[in-house]
Structure formats: structure tokens, C-alpha cells
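To keep things clear, I will list the structure first and then write my remarks on it.
Only a predicted model underlies this, so the values are computations on that prediction, with no experimental measurement involved.
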Amino acid sequence: MKLLAIDASNQAMSVAVLENQKVIGERTTNIKGNHSQRLMPAIAGLIAEVGWQPADLDRIAVAQGPGSYTGLRIGVTIAKTLAWTLGKDITGVSSLAILAGNCEESTHYLVPLFDARRGNIYTGLYRWEAGELVQIEPDTHVSAEKWASHLKTLPGTIELIGEDRVLHQQTFEQELGDRVVAASLKNHLPKGSVVGLLGLKEKPVDVHTLVPHYLKLAEAEENWRKEHPDQLEESYIEKI
């Protein structure tokens, strides 16, 4: 199986191509920029570099969220457009699972996180067991303080993953003390290759029903819903 993997869910952008479980090529950048201008050239360049044609692909895997609203829309839209026009399988992968997937050698509880502002985070709870990444608790949007308090009930060590960990590490250390460790520096960025390896294990879904998993509405959407409670079924976010 030849697979294209895409992650544009946050500032870092990563694309990869895999054949079965072999990584053929990967491009990752971590710069502020417009994914709408950079993602398609990165995909086209990588596919050409490895000597493939778009029609050679069998499946597309995309980071489905949570993350940046704009980044998610761009990544998912491009993935869906490619899958639909080429007639290929598509599957979505949790953006948090992708970070946890970086830490295959870890024996700790894995806590990937993205900053969600105002003391809140997008996070989840994972662990590697017998060579498989296991989701212990669903991905969620929660205050860092509340999440740290919840994690205190678990035995063992908590490993934080993601560049945004530095914004909240003190909160976790105050609650958990020396039970908190940080993943190694090379594991804090999402990797397209991990998207692909996880995407190989997922069942393909209908291209028309795949939507971003935001976990939280944008502030503008929240305000709109408050002002138009009788029109919730017409919310634009549910039509993406």
C-alpha cells in the first residue's frame, strides 16, 4: 500500500509518503507560515522526489485534530480533495496520538498537549503496550490545572509531549512533582511518518463524512451560537 500522510494541524507542517510500513520520504518544517500556500507544494514536491505519481497512491491519512482551526481546515480539505478526485481511501488520525506515537520507546503515561489559551489545553492520555499505541482516555479540551489534578490519581510517571508543554509544565510540576518528565527534544514535533504508520492501522472512512475534530468551538462560533440558539442546525462549523 502506498500512502500519503499529512499533518497541518498546528504551526509545524509535516508530510510523508510510505509504502506498506516503510517510510519512503518525509518533509517537516516548524516555521510560521501560511499552510494554504505551502502544503500543496510540499506534497507535490515530495511525491515527485520519490518518483511517484498521485495516481500511485492507495490511501491518504491526515491529522484530524485537535489543533489550529485554520490549519485543520486546510489539511483536512486538501486531504479530502485529493482522496475524492483521485478515488483513494482516506482516514483521519488524532493530532495528539501523532505526538504520542513519537515516543514508542517510552514506558510512561504519555500526555501530548497543545495550548488552547486562557490556561486550557488540548490533551489526551496514551501508552505504548506490546508495541501498540493505546488510548487510555479520550482526547479533550480542559484546563491544565484540572488535567494535572486528574493525572495525580494515576500511578507512575507522566511524560509531556509537544512544544507547548513549556507553557504549562510548571502547572503539572506543582501538582505532580518529580513524577513529570518531558519527552526528548526530537519527539515534540509531529511527524508525517507517524501519521502514516498510524493511518495504516485505521479503517478508511467515507471522504464526505471526514471532518476536523476541533474539541472546542472557535470563540466566534461560540458567540454566534449564544446569539442564535434557534439556528444551531445551520452552524457553519457542522457543514465543513
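- Taken together through direct or relayed side-chain contacts under 4.5 Å among Ile, Leu, Val, Met, Phe, Trp and Tyr, W128 and V194 form part of one hydrophobic cluster.
- A heavy-atom distance below 4.5 Å is found between the side chains of R38 and T29.
- Side-chain atoms of I43 and L4, non-hydrogen and from C-beta on, do get closer than 4.5 Å to each other.
- Atom CG of L3 and atom CD1 of I90 lie 10.5 Å apart (nearest 0.5 Å).
- A heavy-atom distance below 4.5 Å is found between the side chains of I24 and W52.
- Using modelled atom types, no side-chain atom of S106 and backbone atom of C103 make a donor-acceptor pair closer than 3.5 Å.
- More than 12 heavy atoms of other residues, nucleotides or ligands shown are found within 6.0 angstrom of CD on E26.
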Name every donor-acceptor pair, under 3.5 Å, that has one atom in a side chain of residues 148-155 and the other anywhere in the protein, sequence neighbours excluded.
{"residue": "H150", "atom": "NE2", "partner": "E137", "partner atom": "OE1", "Å": "3.2"}
{"residue": "H150", "atom": "NE2", "partner": "E137", "partner atom": "OE2", "Å": "2.7"}
{"residue": "T153", "atom": "OG1", "partner": "H150", "partner atom": "O", "Å": "2.6"}

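- In the displayed structure, K2 atom NZ is contacted under 6.0 Å by more than 12 heavy atoms of other residues, nucleotides or ligands.
- Scanning all heavy atoms of the two residues, the minimum distance from E163 to L189 falls at CD-CD2, 3.7 Å.
- P66 approaches L215 most closely through the heavy-atom pair CG-CD1, 3.6 Å.
- Interatomic distance, L160 CG to F172 CZ, rounded to the nearest 0.5 Å: 5.5 Å.
- The backbone N or O of L133 lies less than 3.5 Å from no partner atom in the side chain of R127, so there is not a single donor-acceptor pair.
- Around atom CD of Q170, no more than 12 heavy atoms belonging to other residues, nucleotides or ligands sit under 6.0 Å away.
- Every residue meeting the side-chain contact (heavy atoms from CB on, under 4.5 Å) condition with T157, not counting sequence neighbours, appears here in chain and number order: H108, V181.
- For T91, the side-chain contact (heavy atoms from CB on, under 4.5 Å) partners two or more places apart in sequence, or in a different chain, are R59, A61, E202.
- With 3.5 Å as the limit, one finds a donor-acceptor pair spanning the side chains of Y126 and D139.
- Remark: side-chain polar atoms of H35 are paired, donor with acceptor, to backbone N or O of N10 under 3.5 angstrom.
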Criterion side chain to side chain contact (heavy atoms under 4.5 Å, CB included) on H141 and N120, from CA distance to verdict: CA-CA 7 Å; H141 171 267; N120 297 317; 3.7 Å; yes
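- Between the CG atom of L39 and the CZ atom of R27 there is a distance of 11.5 Å, given to the nearest 0.5 Å.
- At most 12 heavy atoms of other shown residues, nucleotides or ligands fall within 6.0 angstrom of atom CG in D178.
- Going from atom CG of L110 over to atom CG of L96 covers 11.5 Å, rounded to the nearest 0.5 Å.
- Hydrophobic clustering keeps V93 apart from V134 (ILVMFWY residues linked when any side-chain heavy atoms are closer than 4.5 Å, directly or through intermediates).
- Between the OG atom in S14 and the NZ atom in K191 there is a gap of 8.5 Å [rounded to 0.5 Å].
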Working for side chain to side chain contact (heavy atoms under 4.5 Å, CB included), residues I161 and V111: CA-CA 6 Å; I161 318 164; V111 178; over 6 Å; no
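- No chain of hydrophobic side-chain contacts below 4.5 Å, direct or via other Ile, Leu, Val, Met, Phe, Trp or Tyr residues, connects V166 to L113.
- Contact check for T123 versus F114: no side-chain heavy atoms found under the 4.5 Å cut-off.
- Annotation: side chain of D115 is not in contact with side chain of Y122 (no heavy-atom distance under 4.5 Å).
- With values rounded to the nearest 0.5 angstrom, Q169 atom CD is found 11.0 Å from L176 atom CG.
- Taking a 6.0 Å sphere around CD of E105, one finds it holds 12 or fewer heavy atoms contributed by other residues, nucleotides or ligands.
- A side-chain donor-acceptor contact under 3.5 Å links H188 to the backbone of A183.
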Working for side chain to side chain contact (heavy atoms under 4.5 Å, CB included), residues L57 and D89: CA-CA 9 Å; L57 297 170; D89 287 346; over 6 Å; no
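- At a threshold of 4.5 Å between non-hydrogen side-chain atoms, the residues N30 and Q11 count as touching.
- Considering every non-hydrogen atom in both V62 and A79, the closest pair reads CB-CB, 3.7 Å.
- The closest side-chain heavy-atom distance from L125 to Y109 is below 4.5 Å.
- The heavy-atom pair separating S95 from A63 by the smallest distance is OG-CB, 3.6 Å.
- Here the shortest heavy-atom pairing between H168 and A144 reads ND1-CB, 3.6 Å.
- Under the 4.5 Å side-chain heavy-atom criterion for grouping Ile, Leu, Val, Met, Phe, Trp and Tyr, V76 is connected to W84 within one hydrophobic cluster.
- The hydrophobic cluster containing V15 does not contain L200, counting ILVMFWY residues as joined when their side-chain heavy atoms lie under 4.5 angstrom apart, directly or transitively.
- In plain terms, the two heavy atoms of I74 and S36 that are nearest each other are CD1-N, 3.5 Å.
- Two residues are said to be in side-chain contact when any heavy atoms from C-beta on lie closer than 4.5 Å; I121 and L167 fail this criterion.
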Evaluation steps, side chain to side chain contact (heavy atoms under 4.5 Å, CB included), between K201 and E132: CA-CA 10 Å; K201 299 177 182 180; E132 296 290 332; 3.2 Å; yes
